[in-house]
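Order of the sequence lines sets the chain letters (A, B, ...), proteins ahead of strands, with each chain counted from 1.
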There are 2 protein chains.
Amino acid sequence: MQVTPELLSRFTLLKPLPRQVLEGLAPHASLARHARREVVVRAGVREDRVCFLFEGRLQGVGHTIDGREVGLYFVEPGDFCGELALFDDNPQPEFVIATAAAAVVFLARNPLREVMLNSSSVSNIVGRKLAERVRQMTEQRTLLGLSNIDQRVCGQLYLLIKGEQRQVESGEIVNPPTHQEIAIMLNISRERVTRAFQALQSRRIVRRDGPGRLVIIDLNSLRRFARGEEEL
Amino acid sequence: MQVTPELLSRFTLLKPLPRQVLEGLAPHASLARHARREVVVRAGVREDRVCFLFEGRLQGVGHTIDGREVGLYFVEPGDFCGELALFDDNPQPEFVIATAAAAVVFLARNPLREVMLNSSSVSNIVGRKLAERVRQMTEQRTLLGLSNIDQRVCGQLYLLIKGEQRQVESGEIVNPPTHQEIAIMLNISRERVTRAFQALQSRRIVRRDGPGRLVIIDLNSLRRFARGEEEL
DNA sequence: AATTGCTTGTGACTCTGGTCACGTCAATTT
DNA sequence: AAATTGACGTGACCAGAGTCACAAGCAATT
């Protein structure tokens, strides 16, 4: 499906690009829809495109040698993934899977790469984003260091809350990941995540609101649990 | 201490740079020695330099909210760290500590940044390196997914063996990390690492040779354990 | 030679998180 | 409407990792 320059400019990565550049990129972009559980980016192959998420939620997933799934990161709308292809020719190290029905824009690797190489401002932006990814992975890895598992879950939930919402007292997570998807992010079992959620729900800190919406009733308490100032 | 262009060209990142560029960078570089356990790069501050390791071993270390140490990556001689400063102005997310007496070259951030921005070949190289870092972190994170802890230790040891040595039947790790340093990389206790090493030593798979040298006697067996084809 | 400090080695106990085996519930398909 | 599927909920059991405590070994320093 055809993509307009306007659509491209909705992404934070591409927004700062001059109109002219976006018009050059648009013909190499295509819109696709992926159902829940579908593979969006495959591991082990040299992907020739970068994936921008428009709607839904994606998850980067690796596999251990014994076949277990390992959750690496979540991708929120407006963000992107598969950007390693812009830097080298090595295969993608992880799968990216839609954890909720997703609308994505695929942008061909080479044209974007050209734009990046010819404009220092663009390579700045892409470089900053990659640096941001490293910070995000570091933060996620640090979560795993917590010995208290409920604390891990609270920390993960807190990471899932968008920055703008963190100021106020309550918030919501749309299209929240399943317990299983959270479990592999935190290296714990699905059942253990369920029990942590039970504890949070019985204390009226979070509440499910239908399938695609998780309401954070008491964000302050969640933050305290995430920081270990109080235990579940 | 003053640094020559020749010294700079010993690093894989800088090696491909034209002689002229290296001469321009050399005045902004300085050589420093760090004792074991010393902090080489501090977390939370905006570092104005990138750190190249010449000799010894470094470890990126994060801290959980409750004060535990989290091992993020090892830096081998020839490699570098603190490179996020080249991409944005945010503070360094993690500490980098010398796990063995180390000789490092600090290269001022801004001159290197200039070189990077003005030469697409240089930004290519830096970008590739950052992408490599992401792959490395992904691989490390995947290790944590293994439920068998001895397997994790074997996998970590295997990662520590330099690529060139992986072809042959035996190898060695110079300046190996302590059990504690391995433990925080794998999210396990120091004692558990010791027990894993005991198992490996009693089977004549590895052997300590003095303080700064770990000999891998039977690399094939180590590989089999790392892959889970056999259990300790 | 003695001291200090760090690393490694080891046993015993505890306890928690994984696993298994269910059941429940809601949404979707047939 | 029935059947299927996938997510969530829950109890029981237990292997195994963490923790604590202490000893031994080794290196560097006094």
Side-chain angles (χ1 to χ4, degrees), chain A residues 35-38 57 59 64 66-71 97-101 143-153 157 173 175-202 206-214 231-232, chain B residues 35-38 57 59 64 66-70 97-101 143-153 157 173 175-203 206-214 231-232:
Chain A
R36 183 177 169 68
R37 296 263 116 204
E38 268 185 1
R57 187 188 300 276
Q59 182 177 32
T64 62
D66 61 345
R68 271 171 195 276
E69 284 192 324
V70 175
I97 290 167
T99 66
L143 259 192
L144 299 190
L146 294 169
S147 51
N148 184 319
I149 288 202
D150 293 314
Q151 202 178 340
R152 273 192 225 175
V153 175
L157 278 180
I173 301 172
N175 293 322
T178 65
H179 293 180
Q180 174 62 24
E181 284 152 3
I182 294 174
I184 62 174
M185 294 292 289
L186 300 174
N187 241 21
I188 56 182
S189 68
R190 194 268 309 167
E191 292 90 333
R192 191 60 188 76
V193 176
T194 298
R195 292 188 223 272
F197 267 86
Q198 285 304 104
L200 285 172
Q201 276 161 5
S202 71
V206 308
R207 175 170 54 84
R208 282 212 81 97
D209 184 24
R213 194 153 168 270
L214 182 71
E231 286 196 10
L232 283 177
Chain B
R36 183 178 169 69
R37 295 262 115 203
E38 268 186 358
R57 188 188 301 278
Q59 181 179 32
T64 62
D66 61 345
R68 270 169 196 276
E69 284 193 322
V70 176
I97 290 167
T99 67
L143 259 191
L144 300 190
L146 293 168
S147 51
N148 184 320
I149 288 202
D150 294 314
Q151 203 179 339
R152 274 193 225 175
V153 175
L157 278 180
I173 301 173
N175 294 322
T178 65
H179 293 179
Q180 174 61 24
E181 284 153 2
I182 294 174
I184 62 174
M185 295 291 290
L186 300 175
N187 242 21
I188 57 182
S189 67
R190 194 270 308 167
E191 292 90 333
R192 193 59 188 77
V193 176
T194 298
R195 292 187 222 271
F197 267 85
Q198 284 305 102
L200 286 171
Q201 276 161 5
S202 72
R203 289 170 192 240
V206 307
R207 174 170 57 84
R208 281 211 81 96
D209 184 23
R213 192 151 169 271
L214 183 70
E231 285 196 12
L232 282 177

Remember a base hit wins even if backbone is also touched, and classify [X] as base, sugar-phosphate or nothing at under 4.0 Å, heavy atoms.
{"X": "B:Thr178", "value": "sugar-phosphate"}
{"X": "B:Glu191", "value": "base"}
{"X": "A:Arg208", "value": "sugar-phosphate"}
{"X": "A:Asn187", "value": "sugar-phosphate"}
{"X": "B:Glu181", "value": "nothing"}

Heavy atoms under 4.0 Å is the rule here; annotate nucleotides 25-30 of chain D 5' to 3' with B where the base is hit, S where only the sugar-phosphate is, and - elsewhere.
------
[X] [atom1] - [N] [atom2] separation (whole Å):
{"X": "A:Asn148", "N": "D:dT19", "atom1": "CG", "atom2": "P", "value": "12 Å"}
{"X": "A:Asp150", "N": "C:dG17", "atom1": "CG", "atom2": "P", "value": "8 Å"}
{"X": "A:Ile188", "N": "D:dG18", "atom1": "CD1", "atom2": "P", "value": "16 Å"}
{"X": "A:Gln180", "N": "D:dG9", "atom1": "CD", "atom2": "P", "value": "14 Å"}
{"X": "B:Arg192", "N": "C:dT7", "atom1": "CZ", "atom2": "P", "value": "21 Å"}
{"X": "B:Arg152", "N": "D:dA17", "atom1": "CZ", "atom2": "P", "value": "8 Å"}
{"X": "B:Arg37", "N": "C:dG5", "atom1": "CZ", "atom2": "C1'", "value": "13 Å"}
{"X": "A:Ile149", "N": "C:dG17", "atom1": "CD1", "atom2": "C1'", "value": "6 Å"}

B:Ile184 CD1 to B:Arg190 CZ distance, which is reported to the nearest 0.5 Å
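The distance works out to 13.5 Å.
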Just N and O in the side chain of [X]: are any of them under 4.0 Å from OP1 or OP2 of [N]?
{"X": "B:Arg68", "N": "D:dT19", "value": "yes"}
{"X": "B:Gln198", "N": "C:dT10", "value": "yes"}
{"X": "A:Arg190", "N": "D:dG9", "value": "no"}
{"X": "A:Gln201", "N": "D:dC8", "value": "no"}

Should [X] and [Y] count as side-chain neighbours, where that means a heavy-atom distance under 4.5 Å?
{"X": "A:Val206", "Y": "A:Gln201", "value": "yes"}
{"X": "A:Leu144", "Y": "B:Val70", "value": "no"}
{"X": "A:Asp66", "Y": "B:Leu146", "value": "yes"}
{"X": "B:Val153", "Y": "B:Ile188", "value": "yes"}

What residues form a side chain to side chain contact (heavy atoms under 4.5 Å, CB included) with B:Ser189, not counting sequence neighbours?
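Per chain and number, B:Ser189 pairs via side chain to side chain contact (heavy atoms under 4.5 Å, CB included) with B:Glu191, B:Arg192.
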Output, in order, the C-alpha distance, side-chain angles, deciding distance and verdict of side-chain contact (heavy atoms from CB on, under 4.5 Å) for B:Arg208 and B:Leu214.
CA-CA 5 Å; B:Arg208 281 211 81 96; B:Leu214 183 70; 4.1 Å; yes
Single hit among B:Gln59, B:Arg152, B:Glu69 for side chain to side chain contact (heavy atoms under 4.5 Å, CB included) with B:Met185
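So the option named by the test is B:Gln59.
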Between B:Leu186 and B:Ile149, is the side-chain contact (heavy atoms from CB on, under 4.5 Å) condition met? List the steps.
CA-CA 9 Å; B:Leu186 300 175; B:Ile149 288 202; over 6 Å; no
DNA chain D: A:Phe197 or A:Ser147, which has the more 5' nearest nucleotide?
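Per heavy-atom nearest nucleotide, the more 5' residue is A:Phe197.
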Can you check side-chain contact (heavy atoms from CB on, under 4.5 Å) on B:Thr99 and B:Thr178, steps first, answer last?
CA-CA 8 Å; B:Thr99 67; B:Thr178 65; over 6 Å; no
Both B:His179 and B:Arg195 contact DNA chain C. Taking the nearest nucleotide for each, which residue is further toward the 5' end?
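Going by which nucleotide is closer to the 5' end, it is B:His179.
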Out of C:dG18, D:dG9, C:dT10, whichever nucleotide has its closest atom nearest the side chain of A:Ser189:
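So the nucleotide nearest the side chain must be C:dG18.
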Difference in axis direction between the ends of the helix from C:dA1-D:dT30 to C:dT30-D:dA1, five pairs, 10°:
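One end's axis against the other's: 40°.
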